[in-house]
Amino acid sequence: MKAPEPENFPEADDARRLQGRSTELTARVPQLLEAMRSVGTGLELHSTLDRICETAARLAGARYAALGVVDETGDGLSDFVTYGVDEDIARQIGHRPDGHTGLLGELIRHPEAIRLTDLTTDPRSAGFPPHHPSMRTFLGVPIRVQGEMLGNLYLAEKHDGTEFTDHDQHMARVLATEAGLAIGNARLYEAARQRERWIDGSVAVTTALLSGKDADHADHSGRLEHPVATEGTEGMEGTERTDYADHAHHALTVVAEQARRLADSAAGLVLLPTSDGGLEIVAVSSDTPDVSVGTRIPGKSAIVAKLLAGESVYMEDSSTDSRLVSPQAAHFGPTMVLPLHSDGRVLGVLVTPRAIGGRPFTESERTLATQFASQAALALMMAEAQRDRERLAVFEDRDRIARDLHDLVIQRLFAAGMTLETAQRQSDVPEVRTGIGKAVDELDVTIQEIRTAIFALQQGSSEAPSGLRTRVLREINMAAVPLGFKPAPRFVGAVDSAVGELTGKNLIAALREALSNTFRHARASRIEVTVDASAALADGTPAVRLSVADDGVGIPEGDRRRSGLRNLRRRAESLGGSSEVGPGLGEDGGGTTVTWQAPL
């Protein structure tokens with residue numbers, strides 16, 4: 001392919017004309033070459049823009065210089081840097097120009113050089129905002145690279161009070177050409193760095209989610225549940241749920257923090273779907289109290305349906321966008337709202353709002369953020385799958401332990417009990433027969449306790465919070481604190497499936513009353529709690545029977561416990577059952593056994 005001829009480029013014409021100009025212009029060529037070298041130094045975009053402004057002002061002897069970068073739509077400015085206007089004046093001026101009006105807009109719509117003796121009298125001028133420095137002489141040239149419009153270079157007010165000359169305009173055009181190359185290189189470098197940062201952020205999120213139990217768990221509808229502990233979950237499973245919730249909240253917070261950092265936004269938010277079709281903030285990364293965890297966006301909001309359908313929403317200014325009904329939106333400007341969706345499931349929503357008046361998100365930033373959200377959603381699903389595999393491994397291990405307990409331990413204990421019973425029958429010594437009998441009874445109790453443990457191991461974690469067995473164990477654990485020891489539980493029959501909700505609630509209340517009486521009055525060192533779902537009433541009606549036996553001092557006549565026992569009896573009789581008191585676990589029947597029963 002033949003290289004284009006130099007005469008096809010107007011900048012080349014400018015360079016040749018420079019060489020044929022006056023002695024004054026020729027003397028300034030070394031300054032121009034040095035300026036071009038300076039402009040091409042470095043790759044960081046903003047420092048490059050600042051350097052171009054300063055170089056252009058020095059080269060043309062101008063008091064002020066500015067450079068506007070055209071946005072992706074080509075009808076406005078995405079960036080605007082100045083030279084000669086100090087920070088205090090810039091703050092007083094306020095918003096920087098957007099390039100839609102005035103001479104700046106004219107240069108964008110018609111990218112040709114403009115040189116004016118008095119810009120205030122030009123009909124294309126839109127005037128100056130308050131506190132803006134006074135300016136008269138003006139020179140503006142477009143910045144192009146390979147036919148693409150990148151922006152405009154503006155100069156105003158020469159130090160010596162004279163007008164800008166043809167020489168100034170020619171050198172500004174040559175400098176603009178070099179500036180275009182520098183801006184193009186800086187943009188490529190910035191885009192590469194930006195992609196690298198987003199990739200690193202995605203890796204950080206994936207690592208955080210997969211390094212532990214850091215993913216949220218999904219309910220049957222395929223949506224993430226809120227990362228909160230299940231209240232009242234008993235024992236080890238309750239600890240696992242609480243730890244899991246902490247990890248889940250940490251993982252979502254990592255997503256919010258990384259998104260905020262990468263998007264250069266004022267906040268990073270993660271929202272999860274609610275049962276009423278809305279969204280709720282569950283993780284926040286922000287330095288301001290404008291948003292907080294627990295804030296809800298109702299389902300009637302126009303953008304919620306889009307987000308839950310997997311569509312992204314971009315807002316130029318959320319404080320004025322009518323689609324948002326959340327009061328927090330009034331505190332922010334340009335905003336990206338991205339669904340966390342993967343494999344057809346919307347797991348949540350990621351929001352990255354910038355401050356009011358902040359720079360709008362570019363198309364490149366939107367693309368990178370969308371890819372980040374997809375990666376985060378995929379990592380959430382992978383972490384969820386990993387958690388399910390870990391839980392499955394735990395359940396398989398529990399099944400193995402339960403089988404071993406049933407097939408090995410219980411069988412050996414049962415065989416040992418039979419051996420002891422044979423020895424008891426063959427012994428002629430009463431003391432030996434009595435001792436062996438007690439050992440056999442202890443083995444029977446141990447076998448029942450192991451069977452209870454086997455049943456608990458075979459239960460799924462989703463059954464644990466609502467099962468009667470779990471509620472009984474919870475009451476026993478709570479009573480263990482004031483008692484100073486833990487009562488021994490024993491379960492017979494299908495306790496969880498056979499006992500109805502109403503009977504179960506009354507049984508728990510009866511257990512609580514019996515344990516409370518024992519603590520206050522019995523001075524016991526041993527308590528046994530038995531729940532038998534295979535019992536029967538006197539008329540043969542299937543029933544559940546609760547027994548609370550202790551080795552305490554018993555119930556003397558006139559003891560205040562009798563009022564509590566009357567309560568137990570009334571509660572049982574209201575269900576068609578009964579309650580009675582008998583001998584306890586101590587020597588010669590010492591102590592008390594409270595028996596409460598009701599039909600199933």
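Predicted model only: the values in this text are computed from it and were never measured. Keep in mind that the numbers below use all heavy atoms, side chains included, and drop hydrogens, waters and symmetry copies.
V337 approaches V349 most closely through the heavy-atom pair CG1-CG1, 3.6 Å. Smallest separation of non-hydrogen atoms from A256 and G268: CB-O, 3.4 Å. Across all their heavy atoms, P487 and V529 have their closest contact at CB-CG2, 4.2 Å. When all heavy atoms of V499 and G504 are compared, the pair lying nearest together is CG1-N, 3.7 Å. Summarising the geometry of F485 relative to R526, their closest heavy-atom pair is CZ-N, 3.8 Å, with the distance given to 0.1 Å. What you find for L272 and L347 is that their closest heavy atoms are CD2-O, 3.4 Å.
Put simply, the side chain of P599 does not reach to within 4.5 Å of the side chain of P542, judged on heavy atoms. In this structure, the side chains of T434 and E431 stay at 4.5 Å or more apart for every pair of heavy atoms. Between L308 and L279 the shortest side-chain heavy-atom distance falls below 4.5 Å. Residues L600 and T503 have side chains not in contact (no heavy-atom distance under 4.5 Å, counting atoms from C-beta outward). A 4.5 Å side-chain heavy-atom check between V472 and L511 finds at least one atom pair inside the cut-off. Between V548 and W596 there is no side-chain heavy-atom pair separated by less than 4.5 Å. Contact of the L468 side chain with the F491 side chain is not registered, since no non-hydrogen atoms from C-beta on lie closer than 4.5 Å. Using a 4.5 Å cut-off on side-chain heavy atoms (C-beta onward), W198 and Q375 make no contact.
Test L271, V346, L350 against L340 for side chain to side chain contact (heavy atoms under 4.5 Å, CB included) and you get one pass: L350.
Using a distance-only test at 3.5 Å, with no hydrogens or angles considered, no donor-acceptor pair links the side chain of R545 to the main chain of T595. Panel note: side chain D550, backbone G591; no donor-acceptor pair is recorded below 3.5 Å. In this structure, the side chain of R523 does not engage the main chain of G552 through any donor-acceptor pair within 3.5 Å. The main-chain N or O of A283 is never found under 3.5 Å from a side-chain atom of T253 such that the two would form a donor-acceptor pair. Within the 3.5 Å criterion, the main-chain N or O of S525 finds a donor-acceptor partner in the side chain of D551.
To the nearest 0.5 Å, atoms CG (L420) and CZ (R425) are separated by 11.0 Å. The line from OG1 of T352 to CG of D264 is 10.5 Å long, rounded to the nearest 0.5 Å. Once rounded to the nearest 0.5 Å, the distance linking CZ of R512 with CG of L507 reads 11.0 Å. The structure places OG1 of T335 at 5.0 Å from CE of M315, a figure rounded to the nearest 0.5 Å. T541 OG1 to Q597 CD: the interatomic distance, rounded to the nearest 0.5 Å, is 10.5 Å. Here the CD1 atom belonging to I303 is positioned 11.5 Å from the CD atom belonging to E311, to the nearest 0.5 angstrom.
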From CA spacing to verdict: side chain to side chain contact (heavy atoms under 4.5 Å, CB included), I527, L585: CA-CA 8 Å; I527 300 175; L585 302 174; over 6 Å; no
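Applying the salt bridge (charged side-chain N to carboxylate O under 4.0 Å, His left out) criterion to E257, with sequence neighbours excluded, gives no partner residue. Evaluation of the salt bridge (charged side-chain N to carboxylate O under 4.0 Å, His left out) rule for R195 yields no partner, not counting sequence neighbours. In terms of the salt bridge (charged side-chain N to carboxylate O under 4.0 Å, His left out) criterion, R571 has no residue partners (sequence neighbours excluded).
Remark: the D532 side chain and the T530 side chain contain no N/O donor-acceptor pair separated by less than 3.5 Å.
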